[in-house]
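Every heavy atom of this structure was used, including side-chain atoms; hydrogens, water molecules and symmetry mates were not.
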Amino acid sequence: MICNIDNLYKAFETMEANNFDSSKELRWGFYFIDDKKDTLKKLSNELKGQNYKAEKIRKINNGEYQLTVNKIDIFTPEKLHERNLAFNELADRFSILCYDGWDVEKINT
């Protein structure tokens with residue numbers, strides 16, 4: 001994933017405009033893509049040890065699979081930028097095709 005801090009500042013502005021309070025815990029989802037399901041399972045186990053919850057590995061286009069993990073956390077644009085850089089490095093270390101980005105959801109209370 002191409003990491004750009006300016007895009008994250010804009011994303012956080014949009015989130016605030018849509019009533020996401022980024023100073024409170026939100027559910028953050030992160031996505032990894034590879035053509036080997038077993039490699040994604042290994043990555044999933046690694047991330048579970050870092051308090052991420054593996055949601056699913058699902059088949060997507062062209063025989064590739066997508067791993068979805070999430071974590072309840074508080075992020076700033078800077079902290080999310082650091083996480084994106086770290087996930088790019090983690091994808092490289094596991095020889096995964098790519099870290100494919102993030103999304104965010106409000107927590108229903």
Peer 1: Which pair of non-hydrogen atoms, one from Asn70 and one from Gly29, has the smallest distance, and what is that distance?
Peer 2: CB-CA, 4.1 Å
Peer 1: Nearest 0.5 angstrom please: Gln50 CD to Lys71 NZ, how far?
Peer 2: 7.5 Å
Peer 1: With rounding to the nearest 0.5 angstrom, report the CG to CD distance, Asn84 to Glu89.
Peer 2: 11.5 Å
Peer 1: Would one find more than 12 heavy atoms of other residues, nucleotides or ligands at under 6.0 Å from atom NZ of Lys106?
Peer 2: yes
Peer 1: Would you please name every residue forming a side-chain contact (heavy atoms from CB on, under 4.5 Å) with Ser22, sequence neighbours left out?
Peer 2: Phe12, Met15, Glu16
Peer 1: To the nearest 0.5 Å, tell me how far Gln66 CD sits from Ile57 CD1.
Peer 2: 10.5 Å
Peer 1: So how far is it from Cys98 SG to Asp92 CG, rounded to the nearest 0.5 Å?
Peer 2: 10.5 Å
Peer 1: Step by step, would you call Ile72 with Ile107 a side chain to side chain contact (heavy atoms under 4.5 Å, CB included)?
Peer 2: CA-CA 8 Å; Ile72 308 277; Ile107 300 172; 3.4 Å; yes
Peer 1: Quick one, Glu55 and Val69 - any side-chain contact, counting heavy atoms below 4.5 Å?
Peer 2: no
Peer 1: Can you list the residues that meet the side-chain hydrogen bond (donor to acceptor under 3.5 Å, both in side chains) rule with Glu25, with sequence neighbours excluded?
Peer 2: none
Peer 1: How far apart are the closest heavy atoms of Ile5 and Pro77, and which atoms are they?
Peer 2: CD1-O, 3.5 Å
Peer 1: Only pairs at least two apart or in different chains count here, so list each ring-ring contact (aromatic ring centres under 6.0 Å, His included) that has a residue in residues 54-82.
Peer 2: Trp28-Phe75
Peer 1: Pairing donors with acceptors under 3.5 angstrom, does anything connect the side chains of Tyr31 and Asp103?
Peer 2: yes
Peer 1: Salt bridge or not for Glu46 and Lys48, using N-O below 4.0 Å?
Peer 2: no
Peer 1: Other than Ile60, what residues sit in its cluster of Ile, Leu, Val, Met, Phe, Trp and Tyr side chains whose heavy atoms are under 4.5 Å apart, directly or through others?
Peer 2: Ile33
Peer 1: So, using side-chain contact (heavy atoms from CB on, under 4.5 Å) as the criterion, who are the partners of Asp21 when residues are at least two apart?
Peer 2: Ser23, Lys24
Peer 1: Any heavy-atom pair between the side chains of Ile2 and Asn88 that's under 4.5 Å?
Peer 2: no
Peer 1: Taking side chain as C-beta onward, heavy atoms only, is Leu43 less than 4.5 Å from Leu90?
Peer 2: yes
Peer 1: Quick one: list whatever passes side-chain contact (heavy atoms from CB on, under 4.5 Å) with Asp34, sequence neighbours left out.
Peer 2: Lys36, Thr39, Leu40, Ile96, Leu97
Peer 1: Can you confirm whether Thr68 sits close enough to Phe30 that some side-chain heavy atom of one is under 4.5 Å from a side-chain heavy atom of the other?
Peer 2: no
Peer 1: Please report the closest heavy-atom contact between Phe20 and Glu105, naming both atoms and the distance.
Peer 2: CE2-C, 3.9 Å
Peer 1: Rounded to the nearest 0.5 Å, how far does CG of Leu80 lie from CH2 of Trp102?
Peer 2: 5.5 Å
Peer 1: Shortest non-hydrogen contact from Ala54 to Ser44?
Peer 2: CB-OG, 3.1 Å
Peer 1: Hey, could you give me the CZ/OG1 distance between Arg83 and Thr76, rounded to the nearest 0.5 Å?
Peer 2: 10.5 Å
Peer 1: Is the shortest side-chain N to carboxylate O distance from Asp73 to Lys79 below 4.0 Å?
Peer 2: yes
Peer 1: Would you say the ring centroid of Phe94 lies under 6.0 angstrom from that of Phe87?
Peer 2: no
